[in-house]
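Worksheet: the structure to be examined is printed underneath.
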Protein chains: 2
Amino acid sequence: MATIYEVASMAGVSPATVSRVFNGQNVSADKARRVRKAAKALSFTPSRVARTLRMRSSQVIALVIPDIENPFFTSMARGVEDVAQAAGYSVVLCNSDEDHGKEARYLDIAVGADMAGVILAAAGDNSDVSGLIARNRPVVAVDRSPHGFDIDAVTVDNRAGGREATRALLDQGFTRIGCVTGPGDVETATERADGWRDAVRAAGAVDERYLRFADFRVDGGHKAMRELLDMPEPPDAVFVANNLMGVGALQVLSQRGAMPPAVGMAVFGDLPFAVMAPMAITVIPLPARHLGVTAAKLLLDRINGDDQPPRTVVLRNHAS
Amino acid sequence: MATIYEVASMAGVSPATVSRVFNGQNVSADKARRVRKAAKALSFTPSRVARTLRMRSSQVIALVIPDIENPFFTSMARGVEDVAQAAGYSVVLCNSDEDHGKEARYLDIAVGADMAGVILAAAGDNSDVSGLIARNRPVVAVDRSPHGFDIDAVTVDNRAGGREATRALLDQGFTRIGCVTGPGDVETATERADGWRDAVRAAGAVDERYLRFADFRVDGGHKAMRELLDMPEPPDAVFVANNLMGVGALQVLSQRGAMPPAVGMAVFGDLPFAVMAPMAITVIPLPARHLGVTAAKLLLDRINGDDQPPRTVVLRNHAS
DNA sequence: TTGAAAGCGCTAACAG
DNA sequence: CTGTTAGCGCTTTCAA
């Protein structure tokens, strides 16, 4: 692979001039032309590695998400991408797979690779971004934030959403509302469950046996829904705290011939790729793309030197 | 950010020794301990950039896909990831968005960043991997291959699948079978349409007006399906060449109250997140994850120096 | 086993 | 406008 030196000697200029041509600095038209010709002849591609080493920062930002197979996160990724691309940054997607170990490795890579910044949808409350902070790399949390760090964050009002969803079920006349939420160490899971509690308590007593912690995936929805339905006195409706578990719950209901409204259902987050016109399901829409867009803008601000105190942006729960 | 030099001086050893400790080479137990202690104290993270520059290759592979919001590709990504991680490589996902410009930029980045290799699901037939080849970087094509390059490839038998799907519709008694396929410059789109032609021709004459090229996305499915249904003599069944357009087509059918089997439907690729038990739809399953796994293995072979002539692996069309 | 020193390819002073 | 030069932080001979 050709280097800047070979291009320089072929074009009869100095390496610095080649560098200048490729970075849009002032170079006489004639030399610029010669450089470009030589570069093409040698099929020269500048080494980003050397450039990054020298500059101590690259033009890429990392987006670390817990589940690449969840359309909520890929939609968020699109939002991030669109903003980043427009600003001349590339985005690399890293899938932590809800695993703290993998997440930590990716964050390490982000530091070691001198990435410009990181947008993190944390695998859990105790994700550790101290390495990034210590090295002064901008981080913004999105959807979920790691606890104990004072950083920019973009979220939605999970508790209010959970409350609203559950209340809708109560308004429809259901009386025993179950709740299927995510892992106990994930902020969005506990907050949405808190919303459920709020609404149920306002209507009577909370029965904690109707609360299930699952894994925010389709299978988690299956398992939790089955458990709920197999109780001696099963709930007559259920609030499911994310899109994928909503799919899982519906699959179980479908198998058992008890599709909504036979059993009431409310879901936090849009059901992915739904085919039918709106069924008898309450959906709290989630501005996935908008979360990504907002987080990316915040991050770019920081990259560009903004040093206000950390901000938390709470987006309204409707489609962007 | 601490460097290897600072660690060295704090530990009272040479930089070379620090390097050795972090690369698992022979160092006396005592020095190793001192180095580790110093590294922790300084919260040292090795610079991957410097390392890559020196080694002329990094431990990351790029996976370039045309649509990150398509569960087929994210499932494939999981397959790639699992194999790569196990071999000590990280995977970065790049979304070309079916755009040759973006794709080219990502391929450039892969070269410039000295990535170990690239797995590419090409944006179109004329994607250009000559840069990678010229620089001797391993590439493997997956799902779709760019034309004119003799490289490893992992695919499925698209034509046979299209034929099989269409034949199923004919067997169900439908007589006017439409086809909704992807962009004309995408291999999987044209091959699947060829399969449709094969089957229809075997049963009579092919009416090309029943063939629609769309964009492999939900909206493409909408548009094409509407056009087909609005024809003077609309098809009584349709073969849809990918999962997302299948969703779009079904949404239109649902709106018009003509869900299968009122209108026959066969889809190439599993419908994502389907809630109901199998409807009256023929599905040609696609081994998404397995494609990723296979491609990753091939790539790792090449990275490890395998220089057999390029291989093409055709996977059977069933779930992995 | 260990250290000294060279160099990966690039950019940014600094001179001219 | 252009060239010279000194590193960015790491790995790796080569000697000791």
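By convention in this document, chain letters (A, B, ...) are assigned in the order of the sequence lines, proteins followed by strands, and residues within each chain are numbered from 1.
- One can place CG of Asp30(B) at 9 Å from P of dT2(C), the figure rounded to the nearest angstrom.
- Look at Lys102(B) and Asp67(B) and you find no salt bridge, because none of the NZ, NE, NH1 or NH2 atoms lies under 4.0 Å from a carboxylate O.
- A salt bridge links Arg33(B) with Asp30(B): at least one charged nitrogen is closer than 4.0 Å to a carboxylate oxygen.
- Using a 4.0 Å cut-off between a side-chain N of Lys or Arg and a carboxylate O of Asp or Glu, Asp301(A) and Lys297(A) do not qualify as a salt bridge.
- If you take CD of Gln25(A) and C1' of dA12(C), they are 9 Å apart, rounded to a whole angstrom.
- If you check every strand for non-hydrogen atoms under 4.0 Å, Val27(A) touches sugar and phosphate atoms only.
- Under the 4.5 Å side-chain criterion, counting only non-hydrogen atoms from C-beta, Arg144(B) is not in contact with Ser127(B).
- For dG3(C), its base sits under 3.5 Å from the side chain of Arg20(B) at one donor and acceptor pair at least.
- Distance from the side chain of Ala50(A) is smallest to dC10(C) among dT4(D), dC10(C), dA5(C).
- dC8(D) atom C1' lies 13 Å from atom CD1 of Ile4(B), rounded to whole Å.
- The shortest distance between the side-chain N/O atoms of Lys31(B) and the OP1/OP2 oxygens of dT1(C) is not below 4.0 Å.
- Residue Ser19(A) has a polar side-chain atom (N or O) positioned under 4.0 Å from OP1 or OP2 of dT11(C).
- The phosphate of dC8(C) has neither OP1 nor OP2 within less than 4.0 Å of any side-chain N or O from Thr3(A).
- Within 4.0 Å of Phe44(B), counting heavy atoms only, lie sugar-phosphate atoms of the nucleic acid but no base atom.
- Close to dG7(D), at under 4.0 Å from its OP1 or OP2, lies no side-chain N or O of Arg56(A).
- The CZ atom of Phe22(A) sits 15 Å away from the P atom of dG9(C) (whole-angstrom rounding).
- Considering only side-chain N and O atoms, Ser28(B) lies under 4.0 angstrom from the phosphate OP1 or OP2 of dT2(C).
- Across all strands shown, Val13(B) has heavy atoms under 4.0 Å from sugar-phosphate atoms exclusively, and none from any base.
- Summarising the geometry, the separation between CZ on Arg34(B) and P on dT1(C) is reported as 16 Å, rounded to the nearest angstrom.
- Judged by distance alone with a 3.5 Å cut-off, no donor-acceptor contact links the side chain of Tyr5(B) to the base of dC8(D).
- Side-chain N or O atoms of Asn23(B) include none that pairs as donor or acceptor with a backbone N or O of Gln25(B) at under 3.5 Å.
- Comparing Leu53(B) and Val18(A), the nucleotide of DNA chain C nearest to each residue sits closer to the 5' end for Leu53(B).
- Per the geometry, CZ belonging to Arg54(B) stands 16 Å off P belonging to dG9(D), to the nearest Å.
- In terms of phosphate contacts, Ser47(B) brings no side-chain nitrogen or oxygen within less than 4.0 Å of OP1 or OP2 of dC8(D).
- Salt bridge status for Asp114(A) with Arg48(B): absent, with no side-chain N to carboxylate O gap under 4.0 Å.
- dT11(C) atom P lies 7 Å from atom CE of Met55(A), rounded to whole Å.
- Remark: Thr17(A) is in phosphate contact with dG3(D), judged by side-chain N or O atoms under 4.0 Å from OP1 or OP2.
- Atom CG in Asn23(B) sits about 13 Å away from atom P in dT13(D), given to the nearest Å.
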